[in-house]
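Below, chains carry the letters A, B, ... as their sequence lines are ordered, and counting in each starts from 1. Scope of the values below: all heavy atoms of this structure, side chains included, with no hydrogens, waters or symmetry mates.
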Amino acid sequence: MKKYIDDFTVVQNRRLNDEYVILTLKLDRELPEILPGQFAEVKVESGVNTLLRRPISIHDVDEKSREIKLLVQEIGEGTRLMGALQEGDTLNLVYPLGNSFSKPQTKEVLLVGGGCGVAPLLYLGRKLKEAGITPRFLLGARSSDGLIALDEYEKVGEVNVTTEDGSVGTKGFVIHHPLMRTDSPVYDHIYTCGPDAMMRVVAKYAGNHNIKCEVSLENHMACGIGVCLCCVTDTVDGHKCTCTDGPVFDSTYLKW
Amino acid sequence: MKKYIDDFTVVQNRRLNDEYVILTLKLDRELPEILPGQFAEVKVESGVNTLLRRPISIHDVDEKSREIKLLVQEIGEGTRLMGALQEGDTLNLVYPLGNSFSKPQTKEVLLVGGGCGVAPLLYLGRKLKEAGITPRFLLGARSSDGLIALDEYEKVGEVNVTTEDGSVGTKGFVIHHPLMRTDSPVYDHIYTCGPDAMMRVVAKYAGNHNIKCEVSLENHMACGIGVCLCCVTDTVDGHKCTCTDGPVFDSTYLKW
Amino acid sequence: MVDLTVDLNGLKLKNPVMTASGTFGYGTEYIDFFDISRLGGIVVKGTTLNHREGNPYPRMAETPHGMLNAVGLQNKGIDYFISDIYPEIKDYDTNMLINVSGSTVEEYEEVARKVNELEKIPGIELNISCPNVKEGGMAFGTSCPSAVSVVNAVRKIYKKHLMVKLSPNITNVTEIAHAVEGEGADSVSLINTLLGMAVDADSRRPLLSTVTGGLSGPAVKPVALRMVWQVSQVVKIPVVGLGGIMTATDAVEFMLAGAAAVQIGTANFIDPLVSLKVIDGIEAYCTKHGFSSASELTGAMISE
Amino acid sequence: MVDLTVDLNGLKLKNPVMTASGTFGYGTEYIDFFDISRLGGIVVKGTTLNHREGNPYPRMAETPHGMLNAVGLQNKGIDYFISDIYPEIKDYDTNMLINVSGSTVEEYEEVARKVNELEKIPGIELNISCPNVKEGGMAFGTSCPSAVSVVNAVRKIYKKHLMVKLSPNITNVTEIAHAVEGEGADSVSLINTLLGMAVDADSRRPLLSTVTGGLSGPAVKPVALRMVWQVSQVVKIPVVGLGGIMTATDAVEFMLAGAAAVQIGTANFIDPLVSLKVIDGIEAYCTKHGFSSASELTGAMISE
Ligand SMILES: Cc1cc2nc3c(=O)[nH]c(=O)nc-3n(C[C@H](O)[C@H](O)[C@H](O)COP(=O)(O)OP(=O)(O)OC[C@H]3O[C@@H](n4cnc5c(N)ncnc54)[C@H](O)[C@@H]3O)c2cc1C
Ligand SMILES: Cc1cc2nc3c(=O)[nH]c(=O)nc-3n(C[C@H](O)[C@H](O)[C@H](O)COP(=O)(O)OP(=O)(O)OC[C@H]3O[C@@H](n4cnc5c(N)ncnc54)[C@H](O)[C@@H]3O)c2cc1C
Ligand SMILES: Cc1cc2nc3c(=O)[nH]c(=O)nc-3n(C[C@H](O)[C@H](O)[C@H](O)COP(=O)(O)O)c2cc1C
Ligand SMILES: Cc1cc2nc3c(=O)[nH]c(=O)nc-3n(C[C@H](O)[C@H](O)[C@H](O)COP(=O)(O)O)c2cc1C
Ligand code: FES
Ligand code: FES
């Protein structure tokens, strides 16, 4: 897929809480095709430790209004600079990058997300819905504060949640949710994105039940386009670049 | 004199033209004593090349309103960041630094400034006026655009100008102004601040006519408080720090 | 019209701007962004005799105005390059140089022998300065006798342009530069990365799997400029300058300090279009300052 | 309560934070800002036998997250120090170390002899790594034999704490560290500045009168951390880490990598209160991460 470098205009900065914002970015021409699971390399201003671009998943796409959304968790200087962007500001993106989630062979799918890993699942869910599949989301967080923008997910599919403190939904990790405790799961394809630890247990569960499982990794990146070889992950074929061979991998392909 | 580190609040950013702004900064308590000719080391945000503070002269002081003014010429990243400050922003200053212009022994003085070197002359003029001496300003610039904030100087004393292109005042350099072409000057103390080249000819003229001449230097500085020894100038006593032994020197003390 | 061409001891460049090894892939990754034939040259990824998996993840960390990497020369080996990459890139209308690395002199020799057969490859950049591998790599570039032995051996085999890439992790860079010139290097490029390290205070762990790695980006520019200046005073062969170049002004500084051409590395990650901007900016600088050709910039620093 | 004290091979510090030579004057310049007796130590300006005028102006330039200086050890000489400075600073309630430099071994010896008589000075930091002087300076610190000769000579004369400040402009810093330990150094401090350069493209002139100068500030931190880590693996004497420390987190990183104490240099120019903030921040870090004393941080990096 062709990659672009474009200046987007921030048309909205929706603050969800202390930690999360959703940026809506508009392009002044038609958007190129963007697949669910792809990401952008975002240029923030050069602060002390923000020389490099920051990889951020495409959270949602609206071709008609030529807008994309980014869901950003502020964890350091770069993401904080994104969180501070205001309407009218310009943001330069290299995009769309990486492979994408595959099209399911089945109608029964589960989308499991945790933390800012929920970001790419919304656009994936929307695309699945357009293809006639109702996505079933399972979103986990430490507490209700971490469950963000549920309204958006609810518009697209069925939403299930877990919180570690039990403040909302099932208490515990995603793996403790009834959807993943059953021995006869109703779905046969899992898409997951979130903390490595979470994805590993999800992948293990999928393996045990012979369910196809695609995981989206968030390795540290320098270039995002396959030239620096910094973002590798260990696979059955050796080191592969998360930015070009991924970020989405079949869990059985990874040496986990 | 005791030095302070304080956060000031920007209460006004008066843009004079493309290149110059006057910042009015307010302190939330009483200002310490500040002498004419002193400067502050200003902390701008860390950009690529703005690790260090920037030395800027105290342009004016209003003890009653606890405000000081800085006249800033945007010539690089640091001064541009200052020029972009907005009302309500905070600016951290280490101040007041350096020695100061001396009190004149005479009533007839000439204050010669060029470029952003005019900055410290306003506060000096105000102090002279308070002491019953009407300052006579001679301000030079390339063209009328470079003659900035003349209104402020006019409130304090008599203003004479030169421009290289002749668009206002006498055509040429300050040294071409009638005030400095006469062999029997009416003043016997010159204070000057501006480009080195300008100050050198002024100092030479002063020397020729046995006029006391104080020059204010703008050497590159790292610390502003006499510890790094980066800002030295060559004097009859060897290297002296511009930031602590200066910025004001008797022209005869310098090895020019 | 400014003449941007540069003659690098026989190697003709359209303009003084090349892209640095390990930061521009094989060029193909950038064709979506711009016409890479506008470049003076492309130095492709570090290539070794055999396939190398490189170091474990994590391999990079950001530092104040710089980055550390510990890729460790991951590549599929020269034979794969010849069979799978070369056919794809050989007709790019720019100088495609291969960056060659090895753990032993024999490895360097064997790769050089194979590259010598590649008609469309006008030169080798001999990497005797990679800080991210256990054997060979930087070791060759940090002592004169070993630098001499590898350059001498490769020079006997390799007939086209031989550029030797120097390590900055060294007490006296001019000694090595002088020594490799003596062995017949056609040019030297510098600097490779400075050996550095980063620690995460919270987890108390190093940020790289290898603990130490190579520092690049604007932070190293002052060191790179200094070494380029020092080396250009003592060698007669052209010096290619790199290390932290982000803008045309940076590139001009390197040329004024003595570089005949420049390479752009880390900056490609931040702005994929940076090399074009640097080319245009060098031209604009020449026009503004009355230079009729870019090559006049080389060593044009005024220092009395 | 966190125990912040550090025992530097006999030299007792209230806390691990000292200020670096050439960046904190004689301490007096900072008393308007804070109570300098809170510091673990102050290393005063580089002092030589005779008065030195230093290098011509300009002596500094800003670089990406760093600065270059070319002061060239301007100072009034040890006798002036003893007569005019010492009386003023000797009763500061912190460790006042004198940074000593020389062009010949004899000069070092003579200064050491005089400093040895100063009751209130608990130690010397032997500067064998200044890049900004023509003779001596860094030359002593970049070869083992010369480093050995000067440390050996001074050690015979100087009875109190002898800290040797190492140069980063070297292929293998561990060799020198090991050598000076062998000669009886009580501790080593590193790094001094990296040799760098800056050019103004517009005027085509170097930004420093001496063309090259010493790079300091955040840009050098990765190199400094790496060297501190390397050296702390091979010597038994304490390592004092410095180079680009701006925050308590930076200081903690140096300690985790192996430093027993740290020095703060360039950061003093930007925030005169920085050392206090670093002291408080180290304490906060210890509390948060369950260390009961700061000295436990030394070498506590987890690297499997
Ligand atoms: C393909 C991909 C998609 C991503 N999508 C999103 C997204 O949609 N929304 C979002 O908020 N974030 C996303 N991330 C993570 C995001 O890139 C990082 O949070 C961001 O780069 C951190 O930058 P910073 O300057 O704020 O923090 P830094 O100051 O750089 O780092 C803060 C802390 O986070 C750690 N960290 C930095 N980058 C990463 C990373 N890539 N993975 C794990 N830890 C890291 C650092 O080691 C450090 O401890 C994605 C990452 C990848 C690789
Ligand atoms: C005591 C003193 C008082 C000053 N008062 C004022 C004032 O009232 N108003 C004002 O606008 N400026 C004043 N200056 C100058 C001001 O400090 C510089 O313009 C500023 O530091 C430049 O920072 P920058 O980041 O904008 O430019 P940079 O990007 O740092 O530099 C841009 C260009 O200006 C040159 N430059 C930078 N600093 C200086 C300097 N100190 N002298 C000469 N050339 C320099 C650089 O070499 C470069 O070519 C004063 C300087 C001193 C030493
Ligand atoms: C991710 C990465 C990979 C690199 N790989 C190589 C390599 O394979 N061979 C080599 O000679 N240099 C390699 N380098 C060094 C660069 O070519 C260059 O010398 C260095 O980064 C300094 O230039 P810069 O500051 O412009 O990046 C690599 C640098 C980076 C950042
Ligand atoms: C302006 C300046 C002057 C210095 N003078 C000396 C000196 O006299 N003796 C010395 O050993 N180091 C000197 N240094 C080096 C510092 O002590 C320190 O080693 C170096 O700056 C790295 O630390 P930093 O990055 O925290 O500044 C000087 C540094 C600067 C910036
Ligand atoms: S981030 Fe550079 S190869 Fe993936
Ligand atoms: S600026 Fe540091 S001594 Fe003057």
Side-chain angles (χ1 to χ4, degrees), chain C residues 61 63-68 138 142-143 167-172 194-206 209 211-215 217-230 244 246 248-257 285 288-289 297 300-304, chain D residues 61 63-68 138 142-143 167-172 194-206 209 211-215 217-230 244 246 248-257 285 288-289 297 300-304:
Chain C
T63 65
H65 268 75
M67 65 171 281
L68 289 165
M138 192 171 91
T142 50
S143 97
S167 170
N169 301 296
I170 191 162
T171 309
N172 191 341
L194 268 169
L195 197 59
M197 169 176 168
V199 181
D200 180 45
D202 266 324
S203 67
R204 284 165 45 209
R205 284 170 197 279
S209 68
V211 186
T212 64
L215 183 64
V220 309
K221 195 183 82 168
V223 174
L225 258 181
R226 181 262 296 183
M227 292 193 165
V228 164
W229 179 72
Q230 288 179 320
M246 301 291 285
T249 307
D250 294 334
V252 167
E253 290 167 17
F254 273 86
M255 295 186 74
L256 295 173
Y285 179 91
K288 183 171 166 205
H289 289 80
L297 297 178
M301 186 175 85
I302 308 162
S303 65
E304 60 277 47
Chain D
T63 64
H65 268 75
M67 66 170 280
L68 289 166
M138 192 171 90
T142 51
S143 99
S167 170
N169 300 294
I170 191 162
T171 309
N172 190 342
L194 269 168
L195 197 58
M197 168 176 167
V199 181
D200 180 44
D202 265 324
S203 68
R204 285 167 41 211
R205 284 171 198 276
S209 67
V211 185
T212 63
L215 183 64
V220 310
K221 193 183 82 167
V223 174
L225 258 181
R226 181 261 296 183
M227 292 193 166
V228 164
W229 180 72
Q230 288 178 319
M246 301 290 286
T249 308
D250 294 334
V252 167
E253 290 167 18
F254 273 87
M255 295 187 74
L256 295 174
Y285 179 91
K288 183 173 166 205
H289 289 80
L297 297 178
M301 186 174 86
I302 307 163
S303 64
E304 59 279 49

Against chain D, label [X] side chain, backbone, both or neither, depending on which of its atoms sit under 4.5 Å from a heavy atom there.
X      : result
C:V223 : both
C:S209 : neither
C:F254 : neither
C:A198 : backbone
C:D202 : both

- Message: Tell me which of these, C:S303, C:P222, C:A219, C:G196, has more heavy-atom pairs under 4.5 Å with chain D than the rest.
- Response: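 Looking at each of C:S303, C:P222, C:A219, C:G196 in turn, C:P222 comes out on top.
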Find the one option among [options] whose heavy-atom pairs under 4.5 Å with chain C are most numerous.
options                       : answer
D:G66, D:P168, D:P218, D:P206 : D:P206
D:E253, D:M301, D:K288        : D:M301
D:V228, D:V211, D:V252        : D:V211

- Query: How many angstroms lie between atom OG1 of C:T249 and atom CG of D:D200, to the nearest 0.5 angstrom?
  - Reply: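 Here the interatomic distance stands at 9.5 Å.
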- Does D:L256 offer a backbone N or O that forms a donor-acceptor pair with the side chain of C:R204 under 3.5 Å?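 Such a contact is absent between C:R204 side chain and D:L256 backbone.
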- Message: If you compare all heavy atoms of D:S203 against all heavy atoms of C:I302, which two are closest, and at what distance to 0.1 Å?
- Response: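 Between these two residues, the closest heavy atoms are O-CD1, 3.8 Å.
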- What closest approach, in Å, do D:N169 and C:R226 show between heavy atoms, and which atom pair accounts for it?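 Heavy-atom minimum between the residues: OD1-NH2, 3.7 Å.
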- Task: Kindly indicate whether the side chain of D:W229, heavy atoms from C-beta on, has any atom under 4.5 Å from the side chain of C:V199.
- Result: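 Result no, sub-4.5 Å side-chain heavy-atom pair not found.
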